[in-house]
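Comments concern the structure below.
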Amino acid sequence: MRYLLLIWENEAISNTLSEAEQAAMMQEYFAITEDARTSGILLGGDPLLPSETATTVRVRNGAAVSTDGPFAETREQLGGYYMLDCATLDDALAFAARIPAARHGAVEVRPIMELDA
């Protein structure tokens, strides 16, 4: 089954990490990404640029309205994702627990609905 792992983190906390701490964290990301790739479960994944680069679109009364920034003020921002093909939810949860941001933020694991196209 496919799972989307949404990586939520507090950008303000991430920005306080030293250059060495940021480099060490990136090495962790590279290692688990390579592990997912070589094990055959990685379908995709990328980090996202900071939330201030986002644009939110809403349609109200038939008109599209765009605003700068994320859709809501939150303490945690969506920082990236992995899409995995795991045999079980437990496998996806075990992978999510390895993601560095889970230590100071959260990783939301969502099964992807399979649609017959």
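We use all heavy atoms of the structure for the numbers below, so side chains are in, but hydrogens, waters and symmetry mates are not.
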Hey, does [Y] have a side-chain heavy atom less than 4.5 Å from the side chain of [X]?
X: T67; Y: T55; result: no
X: M25; Y: L17; result: yes
X: L5; Y: Y3; result: yes
X: I32; Y: P100; result: yes
X: I7; Y: L78; result: no
X: I112; Y: M83; result: yes

Is the number of heavy atoms from other residues, nucleotides or ligands within 6.0 Å of CD (E19) greater than 12?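 Counting neighbours around CD of E19, 12 or fewer heavy atoms of other residues, nucleotides or ligands fall under 6.0 Å, so no.
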Test: salt bridge (charged side-chain N to carboxylate O under 4.0 Å, His left out). Region: residues 83-99. Which pairs qualify, not counting sequence neighbours? D35-R98
State whether the side chain of E34 and the backbone N or O of A31 hold a donor-acceptor pair below 3.5 Å, judged by distance alone. no
Taking all non-hydrogen atoms of both residues into account, name the closest pair between [X] and [Y] and its distance.
X: A92; Y: V109; result: CB-CG1, 4.0 Å
X: A102; Y: A97; result: CB-O, 4.5 Å
X: I13; Y: T16; result: O-OG1, 2.6 Å

Checking one residue: L115. Which other hydrophobic residues are in its cluster under the side-chain 4.5 Å linking rule?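 Noted: L115 shares its cluster with M113.
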Do you see a donor-acceptor pair shorter than 3.5 Å between the side chains of Q77 and W8?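 Side-chain D/A pair, Q77 to W8: absent.
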Check: E11/S14 side-chain N/O donor and acceptor closer than 3.5 Å: no
Once you measure the plane-to-plane angle for Y82 and F95, does it fall in the parallel (<30°), tilted (30-60°) or perpendicular (>60°) bin?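 Ring orientation of Y82 relative to F95: perpendicular.
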Results of side-chain hydrogen bond (donor to acceptor under 3.5 Å, both in side chains) for S39 - residues two or more places apart only: none
Do E9 and R103 sit within salt-bridge range, that is, some charged N less than 4.0 Å from a carboxylate O? no
